[in-house]
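Lettering of chains follows the sequences in order, A, B, ..., and the numbering in each one begins at 1.
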There are 2 protein chains.
Amino acid sequence: MADDPLSITFAALADPTRRAILARLAEGAATVKELSEPFAMSGPAVSKHLRVLERAGLITRGRDAQWRPCTLDATPLREVTEWADGFRRFWDDSYRRLDTYLEHMKEKGT
Amino acid sequence: MADDPLSITFAALADPTRRAILARLAEGAATVKELSEPFAMSGPAVSKHLRVLERAGLITRGRDAQWRPCTLDATPLREVTEWADGFRRFWDDSYRRLDTYLEHMKEKGT
DNA sequence: CAGTTAGATAACCAAGTGGTTAGGTAGACA
DNA sequence: TGTCTACCTAACCACTTGGTTATCTAACTG
């Protein structure tokens with residue numbers, strides 16, 4: 001996998017388990033055990049997913065006795081939306097209309 | 001890799017070469033040759049990237065004699081922004097303020 | 001016809017992914 | 001002390017990914 005930040009973020013999001021974990025963390029911090037519960041997979045498997053999310057900067061892990069609470073850090077998602085927004089004119093009708101309007105103005109200006 | 005649409009889209013975007021191809025196609029359709037030029041990699045490698053993008057529904061491929069022009073189809077990107085928008089309150093200050101305001105109102109209501 | 005160009009396919013390789021089981025560590029508690 | 005809980009690491013597996021070279025088809029061009 002490519003190692004630039006945006007690629008790492010996209011790769012981390014390319015898994016429904018990891019997206020579900022982020023959705024859960026949007027409601028507040030949780031322990032690894034709590035995050036594992038909804039999934040029919042072993043602890044180490046969840047642990048690996050958490051490491052991927054941590055490497056992408058999407059979560060941070062603290063320490064509280066034998067628990068390792070995970071917290072959401074959504075700032076990489078801002079980069080994701082900013083990147084995708086560069087293509088908004090290809091699907092958003094209002095942007096598309098603005099686009100043709102600007103094109104029209106440019107033609108008149110020449 | 002997971003085979004749900006959103007995962008396929010995210011996985012397709014998790015590569016700088018493929019994102020660069022999409023950026024190029026935002027300026028208009030292009031042949032495989034034209035798309036290959038900026039990259040120091042073989043034709044088959046680009047061909048594979050295009051297949052990934054096609055599978056994700058991000059491009060469509062036509063036919064014109066011996067050329068196979070690629071066209072951008074950004075609609076999967078709308079799903080991406082819509083998903084990420086669910087987390088906007090974690091990074092957007094104005095949303096964060098609205099959030100605390102609503103929380104405040106809810107408390108008063110109880 | 002032969003030759004060239006655009007592009008896809010096949011076979012291969014090294015590295016990564018997503019899962020497993022087994023075993024280890026750190027803290028709470030009797 | 002011993003035991004339980006929470007979590008991690010290590011080793012392994014099947015499969016995928018991103019690249020290569022070699023080979024093939026399809027269409028234009030002389």
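The shortest distance between the side-chain N/O atoms of Lys48(A) and the OP1/OP2 oxygens of dG18(C) is not below 4.0 Å. OP1 or OP2 of dG18(D) has at least one side-chain nitrogen or oxygen of Arg18(B) nearer than 4.0 Å. When the side-chain nitrogen and oxygen atoms of His49(B) are compared with OP1 and OP2 of dG19(D), one or more of them lie within a distance under 4.0 Å. Phosphate contact (OP1/OP2 of dA6(C), side-chain N/O of Thr31(B), threshold under 4.0 Å): absent. Residue Arg61(B) places no side-chain N or O under 4.0 Å from the OP1 or OP2 atom of dG7(C). Between dT9(D) and Arg51(A), a contact under 4.0 Å exists linking OP1 or OP2 to a side-chain N or O. OP1 or OP2 of dG7(C) has not a single side-chain nitrogen or oxygen of Ser47(B) nearer than 4.0 Å.
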Atom pairs and distances, donor-acceptor, side-chain atoms in residues 71-84 of chain A, under 3.5 Å, two or more places apart:
from, atom 1, to, atom 2, distance (Å)
Asp73(A), OD1, Thr75(A), N, 3.3
Asp73(A), OD1, Thr75(A), OG1, 2.9
Thr81(A), OG1, Leu77(A), O, 3.3
Thr81(A), OG1, Arg78(A), O, 2.8

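Both Val32(B) and Leu53(B) belong to a common hydrophobic cluster when Ile, Leu, Val, Met, Phe, Trp and Tyr are linked at side-chain heavy-atom distances under 4.5 angstrom.
In this structure, the CG atom of Leu53(A) is 14 Å from the C1' atom of dT17(C), given to the nearest Å. Whole-Å rounding puts the Leu13(B) CG to dG18(D) C1' distance at 17 Å. The distance from atom CE of Met1(A) to atom P of dA15(C) is 15 Å, rounded to the nearest whole Å. As rounded to whole Å, 13 Å separates atom C1' of dT5(C) from atom CZ of Arg63(B). Residue Met41(A) contributes atom CE, which lies 7 Å from atom P of dT20(C) at whole-angstrom precision. In this structure, CG of Asp64(B) is placed 17 Å from P of dA26(D), rounded to the nearest angstrom. With rounding to whole Å, Asp3(B) atom CG is found 14 Å from dG18(C) atom C1'. Between the C1' atom of dC7(D) and the CD1 atom of Ile59(A) lies a distance of 13 Å, rounded to the nearest Å.
Within the 4.0 angstrom heavy-atom criterion, base atoms lie near Ala45(B).
The side chain of Pro44(B) lies closest to dT20(D), out of dC7(D), dG27(C), dT20(D).
Ion pairing between Asp15(A) and Lys48(A) fails under the 4.0 Å rule for side-chain N and carboxylate O.
For the pair Arg19(A) (side chain) and Leu13(A) (backbone), a donor-acceptor distance under 3.5 Å is present.
Summary of the strand contacts: Arg55(A) and Gly43(A) both lie near DNA chain C, and taking for each the nucleotide with the nearest heavy atom, the more 5' one is attributed to Arg55(A). Checking Gln66(A) against Ser42(A), the closest nucleotide of DNA chain C that is more toward the 5' end is the one next to Ser42(A).
Counting heavy-atom neighbours within 6.0 Å of Arg61(A) CZ, excluding the residue itself, gives a total above 12.
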